[in-house]
*Asks:* 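Handing you a structure now.
All chains are named by letter (A, B, ...) in the order of the sequence lines, taking the proteins before the strands, and each is independently numbered beginning at 1. Just so it is clear, the values below take in all heavy atoms, side chains as well, and ignore hydrogens, waters and symmetry mates.
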There are 2 protein chains.
Amino acid sequence: MVTLRQLRYLTAISETRHFGRAAKLCHVTQPALSMQIQDLEHSLDVQLVERRRGSVALTAAGAEIADRASTILTAVADLENYASRDRPALVGPLRLGIIPSIAPYLLPRALPELHRLHPDLDLRIRETQTSALVDELAHGDLDLILAALPLGRPDFETLDAFQDRFLVARQAGSGRPGDERIDPASMASEHLLLLEEGHCLRDQALSVCSSLSPGTINAFGASSLSTVMHLVANGYGITLLPEMAADIEVTDRVELVRFTEPEPVRTIGLAWRRSSTRRADAQALAHLLREVRA
Amino acid sequence: MVTLRQLRYLTAISETRHFGRAAKLCHVTQPALSMQIQDLEHSLDVQLVERRRGSVALTAAGAEIADRASTILTAVADLENYASRDRPALVGPLRLGIIPSIAPYLLPRALPELHRLHPDLDLRIRETQTSALVDELAHGDLDLILAALPLGRPDFETLDAFQDRFLVARQAGSGRPGDERIDPASMASEHLLLLEEGHCLRDQALSVCSSLSPGTINAFGASSLSTVMHLVANGYGITLLPEMAADIEVTDRVELVRFTEPEPVRTIGLAWRRSSTRRADAQALAHLLREVRA
DNA sequence: CCGTCACGATCAGTTTATCTTATCGACATG
DNA sequence: CATGTCGATAAGATAAACTGATCGTGACGG
């Protein structure tokens, strides 16, 4: 009979590729884990692990089973959390993922408030790009992510927090006086600086300026908005700046111009696994985010 | 710590609403089951079952947890089956659901052949309407269903087996000679006989004859095609007959007329849970079904 | 009003599962 | 060839789970 314990041990093997370390991960001794894996192999009648000199590897079947096991364990974890579904929101551990184009600008304002209003919240923050956050959320390594929506994941539930305008940032004094608004279509001739591949902000900026020919795009994307803005300040080009970053990234060597109506925006919101029970947390957090932004 | 055993026992309670019978279902004694349920309630810190005089009922939380438990147990069962994924197809137990407008016409031809070619197949057939089959497949009570596609379930994988033409069946001699084909739009004035609500064939017929006003539809749907055809034979109206039923349902008091091009068809195919490992079975079965139809 | 029944809870004792510690054997590496 | 790493195995301890007997409560019938 397959047990959850066996599945847990198998996923530990899958993560560590090492019996000893997997055992430590599961807080048991190595023989205990070895035996459970053997039991699992016998009850499924398939070899799951290749014990080779030097290192272990999962067989094809082992990888597939480990993958399914991981899904099942996440479902069980969500079931366990469901019990405490009507506890007050924002209490206890919460693993929150945030994309890099939000975290540095929102956290300084949100964290003090969050700590003041919800002192019992044990927040663990992870900052990385959307695709990694999505994977980790699906896998159960995160409880909630804050990113630009939509994510296109039917297994997630989402909640819009607010809209964030895109502005054009250019070197101070480089614009003709009097042109107060910029038409996205008119940006074709400018030198647009962008983040490197993988940042959703890059894709959003490109879709705002869809008329740009690929040749005018800076091939060497920067890895942080801060770097991009320093380039802008020194006249290397222009960029699209999310409004929420304006406070922090804008110096007096840079000026901001709004787009013509309808102004392009990105929708910032929260997402969680449908099977998890984080709606209350998401709603409370979204409310707080709207507050600190105002 | 939640265990699969506890989840199994809970689903048994959910199905039987009775500790004793649930225990029998799980092949344990009642105290064993009672204790596991109590353990589960303690580890989730929620009351799952209301022990009332006379009968037991699940609490709201209990119902939700039982539902999740059932999903998890299905996933585990599929994981267990995955091990034997590359065994020969159509061997061992296979629970197959078939809709009523297919089963009586295809089974007489398919079953002998199936038995001849796959003597080791232990086939259990369930015949009921699509919606029930879909629920049972999702729940893990069936392995495969044969129905009119699409089913609109992203958690299912499907395989088209063949197309089945719709024909018009009317009382013999009731048509004007020489009109060899019927235009779906021209059926507005006829008296269309249909199966009762819930049969997908009824909905398909209605969509073929979309121009029909609701008033001309027979309000008292029959519960079997056979009954409908007897009504047709006696001049009570006409009906749409799937071509595969023609052999069996058509007598010399009934005549069939084909529709004008493009002839309306239904797509018959197989569906299984994405997480299960029934593609090989489905492919083999679809192949055999195409053979016996030819 | 009391005996009986149905049903879930509880208890005691046994069986089974799982764990730990100690050790083995195979294979590297210096 | 000594040493270290790693997974398997063995023996005994501990924990989990089960059975069979029994209890307590409420329903029902005479």
*Asks:* For a quick test of reading the model: is some side-chain N or O of S34(B) closer than 4.0 Å to OP1 or OP2 of dA9(C)?
*Replies:* yes
*Asks:* When the distance from CG of L40(A) to C1' of dG7(D) is rounded to whole Å, what number comes out?
*Replies:*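 Answer to the nearest Å: 17 Å.
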*Asks:* Nucleotide by nucleotide, 5' to 3', does protein get under 4.0 Å of the base (B), only the sugar-phosphate (S), or neither (-) in nucleotides 20-26 of chain C, counting heavy atoms?
*Replies:* BBB----
*Asks:* With sequence neighbours left out, what residues match E15(A) under salt bridge (Lys or Arg N to Asp or Glu O under 4.0 Å)?
*Replies:*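 Once residues adjacent in sequence are excluded, E15(A) has no partner under the salt bridge (Lys or Arg N to Asp or Glu O under 4.0 Å) criterion.
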*Asks:* Show me the donor-acceptor pairs, under 3.5 Å and distance only, between side chains in residues 88-107 of chain A and residues at least two apart or in other chains.
*Replies:*
unit_1: R95(A); atom_1: NE; unit_2: D143(A); atom_2: OD2; d: 3.2
unit_1: R95(A); atom_1: NH1; unit_2: G140(A); atom_2: O; d: 3.2
unit_1: R95(A); atom_1: NH1; unit_2: D141(A); atom_2: O; d: 3.3
unit_1: R95(A); atom_1: NH2; unit_2: G140(A); atom_2: O; d: 3.1
unit_1: R95(A); atom_1: NH2; unit_2: D143(A); atom_2: OD1; d: 2.8
unit_1: S101(A); atom_1: OG; unit_2: R266(A); atom_2: NH1; d: 2.8
unit_1: Y105(A); atom_1: OH; unit_2: E249(A); atom_2: OE2; d: 2.7

*Asks:* Only counting residues at least two apart or in another chain, list the ones meeting side-chain contact (heavy atoms from CB on, under 4.5 Å) with D203(A).
*Replies:*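 For D203(A), no residue satisfies side-chain contact (heavy atoms from CB on, under 4.5 Å) once neighbours in sequence are set aside.
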*Asks:* Taking atom P of dC18(D) as reference, at what distance in whole Å does atom NZ of K24(B) sit?
*Replies:* 17 Å
*Asks:* Between dA17(D) atom C1' and L7(B) atom CG, what is the distance in whole Å?
*Replies:*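 Computing the L7(B):CG to dA17(D):C1' distance gives 16 Å.
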*Asks:* What integer distance in Å separates R17(A):CZ from dG7(D):P?
*Replies:*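 That distance rounds to 13 Å.
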*Asks:* Of the nucleotides dG8(C), dA17(D), dA8(D), which one has an atom closest to the side chain of H18(B)?
*Replies:*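 Side chain of H18(B) sits closest to dG8(C).
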*Asks:* Among pairs that include at least one residue of residues 125-135 of chain B, which meet salt bridge (charged side-chain N to carboxylate O under 4.0 Å, His left out), considering only residues two or more places apart or in two chains?
*Replies:* R126(B)-E136(B)
*Asks:* Once you round it to whole Å, what is the distance between P of dA17(C) and OH of Y9(A)?
*Replies:*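 My rounded result for the distance is 16 Å.
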*Asks:* Between dA17(D), dG7(D), dG8(C), which one does the side chain of R5(B) approach most closely?
*Replies:*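 Of dA17(D), dG7(D), dG8(C), dA17(D) is nearest to the side chain of R5(B).
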*Asks:* Could you check if a side-chain atom of I145(A) sits within less than 4.5 angstrom of a side-chain atom of W272(A), using non-hydrogen atoms only?
*Replies:*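 With C-beta onward as the side chain, the pair stays apart.
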*Asks:* Taking atom P of dC18(D) as reference, at what distance in whole Å does atom CD of Q6(B) sit?
*Replies:* 10 Å
*Asks:* Would you please name every residue forming a salt bridge (Lys or Arg N to Asp or Glu O under 4.0 Å) with R5(B), sequence neighbours left out?
*Replies:*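 Salt bridge (Lys or Arg N to Asp or Glu O under 4.0 Å) list for R5(B), sorted by chain: empty.
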*Asks:* Where each residue is assigned the nucleotide of DNA chain C containing its nearest heavy atom, which of Q38(B) and R21(B) is assigned the position nearer the 5′ end?
*Replies:* R21(B)
